[in-house]
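Computed from a prediction, not measured in an experiment: that's the story for all the values here.
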Amino acid sequence: MKRKLATIAVRGGLNSDEQYGCVVPPIHLSSTYNFADFNQPRAHDYSRRGNPTRDVAQAALAELEGGSRAVLTSSGMSAIHLVCTVLLKPGDLLVAPHDCYGGSYRLFDSLGRRGAYRVLFVDQDDEKALADAMAQKPKMVLVESPSNPLLRVVDIEKICHAAHQAGALAVVDNTFLSPILQQPITLGADIVVHSCTKYLNGHSDVVAGVVITKDETLGIEMAWWANNIGVTAAAFDSYLLLRGLRTLAPRIKQQQINADAVVAYLQQQPQVKKLYHPSLPDNQGHEIARKQQAGFGAMLSFELGGDEQTMRRFLSALNLFTLAESLGGVESLISHAATMTHAGMAAEAREAAGISDSLLRISVGIEDCDDLIADLEQAFRASA
Ligand code: PLP
């Protein structure tokens, strides 16, 4: 029987321990494993290559995304780098969103400059720009939807189809929604990547990433390269991630309820000059979001009116929105894109992507939303 997503998330790896019958799978911290005899390795020989704790977390993630294999890595960036390492040789073209996560932008830009591959940053919502990029026969097309930090939504099914027509593999960064709200493989993606640091773990105490492949052989190749370059995730992080994953569905549900309330409040707040959330009819890609997502998510951004001093007063008055990078945890966070998450992007590239200096991004947590709104209210008053 095909299990529902919340069930898969809760049940991942439970009762898999045959030695003691532990309900929760134990952590296997050993870096190495004895051989049964000369030239007779057991299921595992060395933890960089394979680890039982990582195995159960990987199996849960593969099942959640509807893929055949998952490889857990040391960070979201190492997951993205691993995919590029496997798919791209010098001269090959990578098509990436012009408004992708700043760290991804910096990785592609710096390695592109060193000749590891060629990269083209494209507004994937612009049909002509996308068609022109596909005419250059890329090997890999990366999609990030909703985008960071402007929450623009692009048509994943359409882009995956165009990528395949051009002979490329389609890779979707699903960090902002998690498999609970978006299933890229069912929309045509070949590979899904996540920063597990965010919603999947959900407690801001792990840095990890994952590569999930639709195809088994490609998954085996990813695992080989992950061991080869040494980017596999630690056992302890894998354990914490699996523990966090168990509450993924109710966390996302509450985060979305709170986000909707915060969006409604910000809509009538005169100091908010522009509000970005996929639920808003004027948000780029709102209609696509309705179709391809199971919810609008709990990330939102807004432009704050006033000058830098207003911004400083607003941020320092907040008590329940911690000024910090990252997202997807149970606690609410606020970040300033230009000086934080997107500082790795040149000012001109930020401007081209529409990321202004007055843009603030909120990751809505699971606190009581009356308290969240009261906190915003007093910070707006203090900054005016
Ligand atoms: N992809 C997206 C969309 C992100 O927001 C981030 C980090 O913020 C990453 C990838 C990189 O993940 P990590 O910080 O775990 O390396």
All side chain to side chain donor-acceptor pair (under 3.5 Å) counterparts of H342, not counting sequence neighbours: none
Report, one line per pair, each donor and acceptor closer than 3.5 Å where one atom sits in a side chain of residues 288-301; sequence neighbours left out.
from: K291; atom 1: NZ; to: D155; atom 2: OD2; distance (Å): 3.3
from: Q292; atom 1: OE1; to: I156; atom 2: N; distance (Å): 3.0
from: Q292; atom 1: NE2; to: V154; atom 2: O; distance (Å): 2.7
from: Q293; atom 1: NE2; to: G295; atom 2: O; distance (Å): 2.8
from: S301; atom 1: OG; to: P149; atom 2: O; distance (Å): 2.5

Shortest non-hydrogen separation from G219 to V71 and the atoms involved: O-CG2, 4.0 Å
With sequence neighbours excluded, what pairs up with R49 under the salt bridge (Lys or Arg N to Asp or Glu O under 4.0 Å) test? D45
Assigning hydrophobic clusters by single linkage (Ile, Leu, Val, Met, Phe, Trp, Tyr; side-chain heavy-atom cutoff under 4.5 Å), is L64 placed with L72? yes
With distance as the sole criterion, is a donor-acceptor pair present between the side chains of R251 and T247 under 3.5 Å? yes
Could you give all pairs that pass the ring-ring contact (aromatic ring centres under 6.0 Å, His included) test and reach residues 93-121, with sequence neighbours left out? Y105-F121
Heavy atoms only: give me the nearest E325-L333 pair and the separation to one decimal. O-CD1, 3.4 Å
Search all heavy atoms of L200 against all heavy atoms of L241 and return the closest pair with its distance. C-CD1, 3.9 Å
Considering non-hydrogen atoms only, spot the tightest contact between S16 and P25 and give its length. OG-CB, 3.8 Å
Could you list the residues that satisfy side chain to side chain donor-acceptor pair (under 3.5 Å) with N258, not counting sequence neighbours? Q254
I need the minimum non-hydrogen distance between P52 and H28, along with the two atoms involved. CB-CD2, 3.5 Å
Give the cluster check for L360 versus L372: same hydrophobic cluster or not, with ILVMFWY residues linked at side-chain heavy-atom distances below 4.5 Å. yes
Identify, with sequence neighbours excluded, every residue that meets salt bridge (Lys or Arg N to Asp or Glu O under 4.0 Å) alongside E377. R381
Taking distance alone, no hydrogens or angles, what donor-acceptor pairs closer than 3.5 Å link side-chain atoms of residues 351-359 to residues at least two apart or in another chain?
from: S356; atom 1: OG; to: S358; atom 2: N; distance (Å): 3.2
from: S356; atom 1: OG; to: S358; atom 2: OG; distance (Å): 3.1

Ring centre gap for Y33 and Y46 strictly below 6.0 Å: no
Set out, in order, the CA-CA distance, both residues' side-chain angles and the distance that settles side chain to side chain contact (heavy atoms under 4.5 Å, CB included) for D371 and L320, then state yes or no. CA-CA 8 Å; D371 289 341; L320 294 180; 3.7 Å; yes
Can you name the residues that form a ring-ring contact (aromatic ring centres under 6.0 Å, His included) with Y239, not counting sequence neighbours? none
Closest non-hydrogen atoms of L323 and S335, given as atom of the first, atom of the second and distance, are CD1-CA, 4.3 Å
Go through the structure and list residues passing salt bridge (Lys or Arg N to Asp or Glu O under 4.0 Å) with R152, not counting sequence neighbours. D99
Can you check whether L142's main-chain N or O pairs, donor with acceptor, with Q124's side chain at less than 3.5 Å? yes
Only counting residues at least two apart or in another chain, list the ones meeting side chain to side chain contact (heavy atoms under 4.5 Å, CB included) with W225. L82, T85, V86, E221, N228, I229
Which residues pass the side chain to side chain contact (heavy atoms under 4.5 Å, CB included) test with A133, not counting sequence neighbours? V95, L120, V122
My understanding is that only residues two or more places apart in sequence, or in another chain, count here; which of them pass salt bridge (Lys or Arg N to Asp or Glu O under 4.0 Å) with E63? R3
Is a donor from one side chain sitting under 3.5 angstrom from an acceptor on the other, for N51 and D55? no
As a quick check of understanding, evaluate side chain to side chain contact (heavy atoms under 4.5 Å, CB included) for V231 and H81, giving each step before the final call. CA-CA 10 Å; V231 295; H81 186 41; 5.9 Å; no
Short question: side chain of E65, backbone of G67 - any donor-acceptor pair under 3.5 Å? no
